[in-house]
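A quick write-up on the structure given underneath.
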Amino acid sequence: MELGLIGLGKMGGNMRERIRRAGHTVVGFDHNAEIADVHSLGELVESLSGPRVVWVMVPAGDATQATIDELATLLSPGDVVVDGGNSRWTDDEAHAAQLAERGIGFVDCGVSGGVWGLENGYALMYGGSADDVAKVQPIFDALKPEGEFGAVHAGKVGAGHFAKMVHNGIEYAMMQAFAEGWELLEAVDSVTDVREVFRSWQEGTVIRSWLLDLAVRALDDDEHLASLRGFAQDSGEGRWTVEAAIDHAVPLPAITASLFSRFASRQDDSPQMKMIAALRNQFGGHAVESTQK
């Protein structure tokens, strides 16, 4: 099968290689000419036989919209566009409607696997009509992990990215739990080897997981994480998960708290803690620390 792939960064580049290893032809475009197979979207489309499948792996928002706009003028009825980036599910619905006006199909696909996907495969969650999904199925089969699981036709357009969004929200909460447990273990004198405690959990415990394995790898690299600053960015999907929960009146206390913890990590001197310190001093005479040295 032939595939056009737009965006050859850390994810896209590895996906191109994995698809090629499965015996498919991939024509890749990227603004970095050194890694691109072709040098324009027009050249990419012209190099593919119809019906074409073009997979978009560019940042969500304006970059994806600009790519969809251009593809709408280049592709033909019966072709299919796959958005494999981290687009918001509501954007998927708009993109599908835009392309449908020209007879072009649309599939949204949440992709999880990161830098390990090339060797381990990518977990795939996709949404769209059965006919459009069928046109992409050989590529899904090439990208997914070996075995029965790892890919799902989650439902209508938007379902793939919605499922991936919820996946990332759960990931936020799981990482936060590991981080809190690690900090507490580090804080007590009686536990003398926190890294080995984490390692011991890798077998036989109910919390064994790939995230735990990665935590042990990180502690092997830097036992007390002393070289890292306590700062964590968020991709936006955690926010969307919380917003969707509000829209549907679904309580997500753990995921919401984990998102807010990331916001707190960006404050070198928390304004909220200033107020808490002031109040503790006012009602209990508790000591406060001055910024004046």
Side-chain angles (χ1 to χ4, degrees), residues 10-11 14-15 18 86 110-125 143-152 154 160-242 244-245 250-268 270 272-273:
K10 291 180 181 179
M11 287 278 282
N14 281 346
M15 289 169 63
R18 185 171 174 88
N86 285 328
V111 182
S112 181
V115 297
W116 299 89
L118 174 58
E119 299 300 330
N120 297 341
Y122 298 87
L124 306 173
M125 296 142 271
L143 288 171
K144 70 178 289 293
E146 297 293 329
E148 182 180 357
F149 305 110
V152 60
H161 280 143
F162 195 95
K164 175 60 162 49
M165 177 194 73
V166 174
H167 165 280
N168 281 23
I170 294 170
E171 176 187 293
Y172 274 45
M174 291 175 66
M175 287 193 291
Q176 185 66 27
F178 280 124
E180 291 176 8
W182 172 77
E183 182 178 359
L184 181 57
L185 287 166
E186 287 276 347
V188 300
D189 293 334
S190 58
V191 179
T192 57
D193 198 334
V194 174
R195 177 176 59 186
E196 292 309 309
V197 170
F198 262 59
R199 196 188 313 279
S200 75
W201 293 343
Q202 290 182 278
E203 299 292 341
T205 73
V206 297
I207 63 169
R208 62 189 185 275
S209 63
W210 190 45
L211 276 178
L212 176 60
D213 295 342
L214 294 178
V216 172
R217 287 175 62 96
L219 295 174
D220 281 339
D221 291 339
D222 183 355
E223 182 174 0
H224 301 288
L225 305 183
S227 65
L228 300 181
R229 181 186 166 206
F231 177 98
Q233 192 56 267
D234 69 284
S235 64
E237 289 183 287
R239 303 182 189 211
W240 298 343
T241 306
V242 172
V250 175
L252 299 184
I255 292 174
T256 302
S258 68
L259 174 65
F260 288 173
S261 291
R262 295 199 185 191
F263 296 163
S265 79
R266 300 167 204 171
Q267 298 176 328
D268 292 329
S270 169
Q272 294 177 26
M273 291 304 105

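Numbers here are sequence positions counted from 1. Since the structure is predicted, the reported quantities are computational estimates derived from the model, not experimental observations.
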For this session: Could you pull out the closest heavy-atom pair between A244 and M165, with the gap in Å?
Result: CB-CE, 4.0 Å

Exercise. Just by modelled atom types, is the P253 backbone N or O under 3.5 Å from a matching donor or acceptor in the T256 side chain?
Worked result: no

For this session: Of all the heavy-atom pairs spanning G117 and R18, show the shortest one and how long it is.
Result: O-CD, 3.7 Å

For this session: Taking the side chain as every heavy atom from C-beta outward, state whether L124 and V152 have any atom pair closer than 4.5 Å.
Result: no

Problem set entry | Closest approach of T205 to S200 (non-hydrogen atoms, all atoms of both residues) | CG2-O, 4.3 Å

Exercise. Parallel, tilted or perpendicular for F198 and F178, by the 30°/60° rule?
Worked result: tilted

For this session: Any chance you could lay out the side-chain contact (heavy atoms from CB on, under 4.5 Å) test for R199 and D220, step after step, and finish with the verdict?
Result: CA-CA 10 Å; R199 196 188 313 279; D220 281 339; 2.6 Å; yes

For this session: To the nearest 0.5 Å, tell me how far M125 CE sits from K164 NZ.
Result: 6.0 Å

For this session: Please report the closest heavy-atom contact between E223 and E186, naming both atoms and the distance.
Result: O-OE2, 4.1 Å

Exercise. Do N14 and K10 have a side chain donor and acceptor closer than 3.5 Å?
Worked result: no

Exercise. What pairs of residues pass the salt bridge (charged side-chain N to carboxylate O under 4.0 Å, His left out) test when at least one of them lies in residues 203-212, not counting sequence neighbours?
Worked result: none

For this session: Would you check, one step at a time, whether the test side-chain contact (heavy atoms from CB on, under 4.5 Å) holds for I170 with V166?
Result: CA-CA 6 Å; I170 294 170; V166 174; 4.2 Å; yes

For this session: Considering non-hydrogen atoms only, spot the tightest contact between S227 and D222 and give its length.
Result: OG-OD2, 2.6 Å

Exercise. Is R262 positioned over the aromatic face of Y172, cation under 6.0 angstrom from the ring centre and no more than 45 degrees off axis?
Worked result: yes

Seminar exercise, completed: Correct closest heavy-atom pair for V191 and V194 would be CG1-CG2, 4.0 Å

Exercise. For Q202, does the CD atom sit with more than 12 other heavy atoms under 6.0 Å from it, leaving out its own atoms?
Worked result: yes

Exercise. From D213 CG over to W201 CH2, what is the distance, rounded to the nearest 0.5 angstrom?
Worked result: 13.0 Å

Seminar exercise, completed: When rounded to the nearest 0.5 Å, the distance separating CG of L219 from CZ of R217 is 12.0 Å

Exercise. Would R239 and L259 count as a side-chain contact (heavy atoms from CB on, under 4.5 Å) if you check the C-alpha gap in whole Å, the side-chain angles of each, and the deciding distance to 0.1 Å?
Worked result: CA-CA 7 Å; R239 303 182 189 211; L259 174 65; 4.0 Å; yes

Problem set entry | Candidate pair M174 and E171, rule side-chain contact (heavy atoms from CB on, under 4.5 Å), full reasoning | CA-CA 5 Å; M174 291 175 66; E171 176 187 293; 5.8 Å; no

Problem set entry | Heavy-atom donor-acceptor pair, K144 side chain to G121 backbone, under 3.5 Å | no

